[in-house]
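Here is the structure we will look at.
Note that the coordinates shown come from a computational prediction; the quantities given were computed from them, not determined experimentally. Each ligand, and each atom within it, is numbered from 1 in the order the structure gives.
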Amino acid sequence: MGALLDGKAYADRILAEVKVEVAARTAAGHAAPCLAVVLVGEDPASAVYVRGKVKACAETGIGSLERRLPATISQAELEAVVDALNADAKVHGILIQLPLPKHLDTKAILDRVSPAKDVDGFHPLNQGRLFQGVKGLRPCTPSAVMRMLELHGVALSGLRAVVLGRSEIVGKPMALMLLEANATVTLAHSQTKDLPAVCREADLLVAAVGRPGLVEGSWIKPGAVVVDVGINRVEDLALGERIFAAEPAKLAKLREKGHVLCGDVRFGEALQVASAVTPVPGGVGPLTIAGLMRNTLLAAEDH
Ligand code: NDP
């Protein structure tokens, strides 16, 4: 029987480390790091994410400023906001909350953020630095997962790691970081043949797919470490009955509230096979915010 890999607790440790470093920086006479968060439109989920990020700033001594902009903003106007933040010496990190409204060119906006302030690690220059294995701002989710694995004492060198999902935000950078740490990495995706067999080879399985309960307990190698990045909202009771068969509390909550959050991994089943599994919620989500705080500190240090 496996144990909970408590992402929230590790996120709190990372935040505590950042807080100490921020305090040391300000005690040495430097300005506190400052994160600018750009929120376009009224998407309620985005507003919740922004609140969480601003709260984490306050908790770690990082300054924050919010630019709330109307959903009707034009590409040129939004680019002007990014340019102004790039030029503002008091701002060390810039985060564009995604998704942007459909009429805006997201890639052009992200590429416009100065690489030095690109705390999401999405700019091609920072992606290139990651590819080359040199210092740079790296995507928050995979870098915080790496820190959690380190704190948890997972010896990555020589390990068989499988990453499910090949997005630029999570899957690809996760695979590169694991490779850099000398794991033997397989990057699987929607076209991978016999996914269960590929997953069963993994000593470390990272799922970043966005498909509720895709990974069954039988896909997991006994004793593996499982990191579940997926965040999915489930409302369908028939689906819930299938994927939460080993999680009666979650199923009961779905019946009661009509919706629940879950990961890409069937958590209850995974706990019976793996040595450690991150829960959803309370796993990789808080880690990602902690990674953002660390990146904001790094961006300030490089100024
Ligand atoms: P994307 O939608 O960009 O990518 C999903 C990936 O999963 C793609 O590579 C896709 O393959 C692959 N995939 C889809 N279906 C299957 C399948 N049936 N079998 C195997 N692979 C499949 O997602 P993101 O990487 O942005 O996000 C993934 C999940 O992580 C989402 O639930 C998201 O909400 C969550 N997330 C959580 C974060 C956190 O802080 N915890 C941060 C970021 C994301 P292909 O390329 O072939 O289409």
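Of all protein heavy atoms, the one closest to atom 15 (N) of ligand 1 is R211 NE, 3.3 Å. For atom 37 (C) of ligand 1, the nearest protein heavy atom (residue, atom name, distance) is V229 O, 3.1 Å. In this structure, atom 19 (N) of ligand 1 lies nearest to the protein heavy atom L195 CD2, 3.5 Å. Scanning all protein heavy atoms for the shortest distance to atom 33 (C) of ligand 1 gives I231 N, 4.2 Å. Closest protein heavy atom to atom 31 (C) of ligand 1: G210 CA, 3.7 Å. In terms of protein heavy-atom proximity, atom 8 (C) of ligand 1 is nearest to R166 N, 3.9 Å. In terms of protein heavy-atom proximity, atom 6 (C) of ligand 1 is nearest to G165 CA, 3.6 Å.
Residue H189 approaches ligand 1 through these ligand atoms, each under 4.0 Å from one of its heavy atoms: 11 (O), 20 (C), 21 (N), 47 (O). Ligand-side atoms of ligand 1 in range of G285: 40 (O), 41 (N), range being under 4.0 angstrom from any heavy atom. Interface atoms of ligand 1 facing N232, defined by a heavy-atom separation under 4.0 Å, are 32 (O). Taking a cut-off of under 4.0 Å to the non-hydrogen atoms of G230, the atoms of ligand 1 that pass are 29 (C), 30 (O), 32 (O), 35 (C).
No donor-acceptor pair closer than 3.5 Å links the side chain of R160 to the backbone N or O of E201. Checking side-chain atoms of N295 against main-chain N and O of L137 turns up no donor-acceptor pair under 3.5 Å. Within the 3.5 Å criterion, the main-chain N or O of F244 finds no donor-acceptor partner in the side chain of K250. Between the Q75 side chain and the D105 main chain, a donor and an acceptor come within less than 3.5 Å of each other. Counting only distance, with no hydrogens or angles, the side chain of K90 and the backbone of C34 share no donor-acceptor pair below 3.5 Å. Remark: the backbone N or O of L214 is not paired with any side-chain donor or acceptor of D264 at under 3.5 angstrom. Under the 3.5 Å distance criterion, the side-chain polar atoms of E77 are matched with a main-chain donor or acceptor of S74. S275 contributes a side-chain N or O that, together with a main-chain N or O of A224, makes up a donor-acceptor pair within less than 3.5 Å.
At a 4.0 Å cut-off, not a single heavy atom of G171 sits close enough to ligand 1 to count as contact.
Within the set V284, L187, L214, the minimum heavy-atom distance to atom 17 (C) of ligand 1 is found for L214. The option from T288, V209, T192, L98 that lies nearest to atom 13 (N) of ligand 1, judged by heavy atoms, is V209. Of the listed residues (S167, G7, C199), the one carrying the non-hydrogen atom nearest atom 1 (P) of ligand 1 is S167. Residue nearest to atom 44 (C) of ligand 1, selected from T141, V170, V198: V170 (by heavy-atom distance). The residue among S190, P142, G291, C140 with a heavy atom at the shortest distance from atom 47 (O) of ligand 1 is S190.
The N/O atoms of Q191, backbone and side chain alike, include none that comes under 3.5 Å of an N/O atom in ligand 1. For ligand 1, the polar-atom distance check finds no N/O of I169 at less than 3.5 Å from any of the ligand's N/O atoms.
By the 4.0 Å N-to-carboxylate-O rule, R147 lies close enough to E17 to be salt-bridged with it.
Atom 27 (O) of ligand 1 is not flagged as protein-proximal [any protein heavy atom, distance under 4.0 Å].
With no hydrogens or angles considered, a side-chain donor-acceptor pair links K53 and Q97 at under 3.5 Å.
Heavy atoms only, all atoms of each residue included: K135 and R129 are closest at O-CD, 3.4 Å.
Counting heavy-atom neighbours within 6.0 Å of E235 CD, excluding the residue itself, gives a total above 12.
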